[in-house]
Amino acid sequence: MELYKLTGGELHRLMKEKKVSAVEVTEDTFARIAKVENGIGAFITATPEEAMKTAQAVDKKIAAGEELHPLAGIPIGIKDNICTKDIKTTCASKMLENFVPPYDATVITKLKAVDYVMTGKMNMDEFAMGSSCENSAFHITHNPHGLDKVPGGSSGGSAAAVAAGEAVMSLGSDTGGSIREPAAYCGIIGLKPTYGAVSRYGLVAFASSLDQIGPMGRSVEDVANLFYTISGQDPYDATSMPTHYPKTAEGLGYDLAGLRIGVPKEFYKHVDVAVGAAILQGIRTPEARGAKVVNISLPSTEYGLSAYYIISSAEASSNLSRFDGVKYGFRAENYTDLNDMYEKTRSEGFGDEVKRRIMLGTFVLSSGYYDAYYKKAKLFQQKVRAEYDEAFKQCDVIVTPTAPTAAFKIGENVHDPLKMYASDICTITVNIAGLPALSLPIGMDHEMPVGMQLIGPHFSEEKLLGIAKEFETLRGGLCKVATVV
């Protein structure tokens, strides 16, 4: 049996019935990794020994008749900007190439408590800055649906691993679309939670007011179970909030009759014709069950990209100032004095995209420009939130494309930063407003997946997952393991 093709829910039921063991699931997953990883490049660090130890412990619990959590014994990949005790966390950067955290992120602590199996740390754009997973200091990750295409970013390794069967689920982080865009490009499901729904303790910060850890998987049930497990208030993260989600995805669903679907015209101006058509065709699925389409407007969408790159770059320039070669991480070998060490360490340790954003962020925070740029962008953030609040008085959920195109070719946009940034146009206002959003595959464009984005009010993840579950049921499933080409 090709166990790597099954969802976490399917594997959980087989393990409960003692038809397969956690060790067999883990062995099958690492056999799959050995077969396809050279072509995909999803991993920075694989952890087969740790995975096997956990799987063996899960099998002992099964033999003893203990109750299994839905994630027990399930292979899960972890984005390499989430701290894992005694396992390297590099952020795909030369700056942290050999950094081994002395502690676990809160989400890892929660996953260890339910006996998840970690397959390894996943490749990403350096410090989560990018939309294609081409900015890693180590290697490029390839899309399993087309090896000449990007998997999206920055959580490209996390998405590609799930799509290729190298992990059943994964954790990514989303600052401006970095879970949803790679989920769309790789044909899987990705959830960006409400800001504050999941602890950021142990997530290496990019932009602290926008970052969120979230789940990715091949079934809505899996994504829900992973999200419910990692969510909740954390005393180590002052921005985390109390949450009241179910413990598992059992009974997940939503009555589509009477559901008001908001379609904002601004999101369809900049998308490929085939992508827009796939989304509008997808909306017919709930319409057939009694849902109603409501045309709405979110005019600030036009300016979201500019505001996002001001806010995120400003916060990045502040957060990344800690990497100076003094306390930990990379240090340049040849320097004359302290200032020279700072300069050479950062010049050699950071990649081009990271340096580009640090310079932009430092500029918009500098004297004489703070009011003109950063302050205005933060005021704009309030306006975006108000627009979404008003929109949700007219509709229950907003449906948009996740990305303006399907996955593009590796190298196609790497020398045009503005074109690369434009791939985030459908996702960034969600982060600016702190809302939850979910991407699910809805069609194909030239044999590459197209993603649909569902956006809801704050802390409406259960509703979004329920609606996505109905899509999944009505369409006979959403995701299958890619045939790696």
Side-chain angles (χ1 to χ4, degrees), residues 1-35 37 42-43 45-79 82-87 103-122 158 161-162 164-172 198 202 213 215-232 245-250 252 481:
M1 185 186 299
E2 293 175 312
L3 297 175
Y4 71 86
K5 289 186 175 181
L6 302 182
T7 67
E10 291 168 335
L11 291 170
H12 172 67
R13 289 181 277 277
L14 288 173
M15 282 190 279
K16 280 183 67 176
E17 296 166 3
K18 298 184 179 179
K19 293 181 178 179
V20 300
S21 68
V23 166
E24 288 173 326
V25 172
T26 301
E27 287 175 341
D28 192 70
T29 300
F30 278 96
R32 176 66 173 175
I33 292 169
K35 182 177 180 180
E37 174 60 10
F43 286 80
T45 304
T47 54
E49 292 181 4
E50 291 83 354
M52 194 57 65
K53 288 178 183 177
T54 306
Q56 290 167 350
V58 170
D59 283 342
K60 288 180 181 179
K61 291 185 177 183
I62 294 173
E66 295 185 29
E67 187 69 23
L68 283 187
H69 186 276
L71 300 184
I74 304 299
I76 298 175
I78 306 298
K79 187 174 180 179
I82 299 172
C83 286
T84 45
K85 184 178 180 180
D86 299 330
I87 298 171
Y103 70 101
D104 281 322
T106 295
V107 293
I108 301 301
T109 301
K110 290 186 173 187
L111 288 175
K112 282 183 175 180
V114 299
D115 300 314
Y116 91 117
V117 171
M118 184 173 74
T119 58
K121 305 299 290 293
M122 317 313 298
S158 296
V162 173
E166 297 181 279
V168 177
M169 308 172 213
S170 65
L171 285 184
V198 176
I213 296 171
M216 309 169 87
R218 293 194 303 271
S219 76
V220 177
E221 176 188 23
D222 285 359
V223 170
N225 279 326
L226 186 48
F227 169 66
Y228 294 153
T229 301
I230 64 174
S231 63
Y245 299 109
K247 290 186 178 180
T248 71
E250 186 176 355
L252 186 68
V481 172

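Hydrogens, waters and symmetry mates are skipped; everything else that's a heavy atom, side chains included, is used.
Between K5 and V481 the shortest heavy-atom distance is CA-CG2, 3.7 Å. G77 and A167 make their closest contact through N-CB, 3.8 Å (heavy atoms, listed as atom of the first residue, atom of the second, distance). Nearest heavy-atom pair across P75 and T29 is CG-OG1, 3.4 Å. Here the closest heavy-atom approach between residue S170 and residue V162 is recorded as OG-CG2, 3.5 Å. Annotation for A55 and T26: closest pair CB-OG1, 3.3 Å, computed over non-hydrogen atoms. What you find for E37 and F43 is that their closest heavy atoms are OE2-N, 3.0 Å.
Atom CD of E49 is surrounded by 12 or fewer heavy atoms from other residues, nucleotides or ligands within 6.0 Å.
Two residues are said to be in side-chain contact when any heavy atoms from C-beta on lie closer than 4.5 Å; M15 and I62 meet this criterion. Looking at heavy atoms from C-beta onward, T54 lies out of side-chain contact with K112 at the 4.5 angstrom threshold. Residues K60 and Q56 are not in side-chain contact: their nearest non-hydrogen atoms beyond the backbone lie 4.5 Å or more apart. Looking at Y116 and I108, their side chains come closer than 4.5 Å, going by heavy atoms from C-beta outward. The shortest distance between side-chain heavy atoms of I76 and V117 does not fall below 4.5 Å. Annotation: side chain of V168 is in contact with side chain of D222 (closest heavy-atom distance under 4.5 Å). For the pair Y228/K247, no side-chain contact is recorded, criterion being any heavy-atom separation below 4.5 Å from C-beta on. Looking only at side-chain heavy atoms (C-beta outward), V25 and Y4 stay at 4.5 Å or farther from each other.
Counting only distance, with no hydrogens or angles, the side chain of R218 and the backbone of M169 share no donor-acceptor pair below 3.5 Å. A donor-acceptor pair under 3.5 Å is formed between the side chain of N225 and the backbone N or O of A249. The backbone N or O of T119 sits less than 3.5 Å from a side-chain atom of T47, completing a donor-acceptor pair. With hydrogens and angles ignored, the 3.5 Å screen pairs no side-chain donor or acceptor of E166 with any backbone N or O of A42.
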Q: Evaluate the criterion side chain to side chain contact (heavy atoms under 4.5 Å, CB included) for residue pair E50 and M118; output intermediate values, then yes/no.
A: CA-CA 7 Å; E50 291 83 354; M118 184 173 74; 5.6 Å; no

Q: Check the pair L14, L6 against side chain to side chain contact (heavy atoms under 4.5 Å, CB included), reporting the backbone distance first and the verdict last.
A: CA-CA 10 Å; L14 288 173; L6 302 182; 3.6 Å; yes

Q) Going through the distances and angles, do R13 and E221 end up as a salt bridge (Lys or Arg N to Asp or Glu O under 4.0 Å)? A) CA-CA 13 Å; R13 289 181 277 277; E221 176 188 23; 3.2 Å; yes

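Taking E67 as the reference, K16 meet the side-chain contact (heavy atoms from CB on, under 4.5 Å) condition, with sequence neighbours excluded. By the side-chain contact (heavy atoms from CB on, under 4.5 Å) test, K53 is found to be paired with no residue, residues two or more places apart in sequence or in another chain being considered. Legend: residues meeting ring pair (Phe, Tyr, Trp, His ring centres under 6.0 Å) with F227, ordered by chain and number and at least two apart, are Y245. Annotation: side-chain contact (heavy atoms from CB on, under 4.5 Å) contacts of K110 (sequence neighbours excluded): T106. The side-chain contact (heavy atoms from CB on, under 4.5 Å) test applied to E250 returns T248, not counting sequence neighbours.
Summarising the geometry, atom CG belonging to L11 is positioned 11.5 Å from atom CG belonging to L71; distances are rounded to the nearest 0.5 Å. Atom CD1 in I230 sits 7.5 Å away from atom CD1 in I82 (nearest 0.5 Å). Distance CD1/I78 to SG/C83: 12.0 Å, rounded to 0.5 Å. Atom CG of residue L171 and atom CG of residue L226 lie 5.0 Å apart, to the nearest 0.5 angstrom. Interatomic distance, M216 CE to S158 OG, rounded to the nearest 0.5 Å: 6.0 Å.
Side chains of T84 and K121: a donor on one and an acceptor on the other come within 3.5 Å.
Residue pairs that meet the salt bridge (charged side-chain N to carboxylate O under 4.0 Å, His left out) test with at least one member in residues 23-35, sequence neighbours left out, do not exist here.
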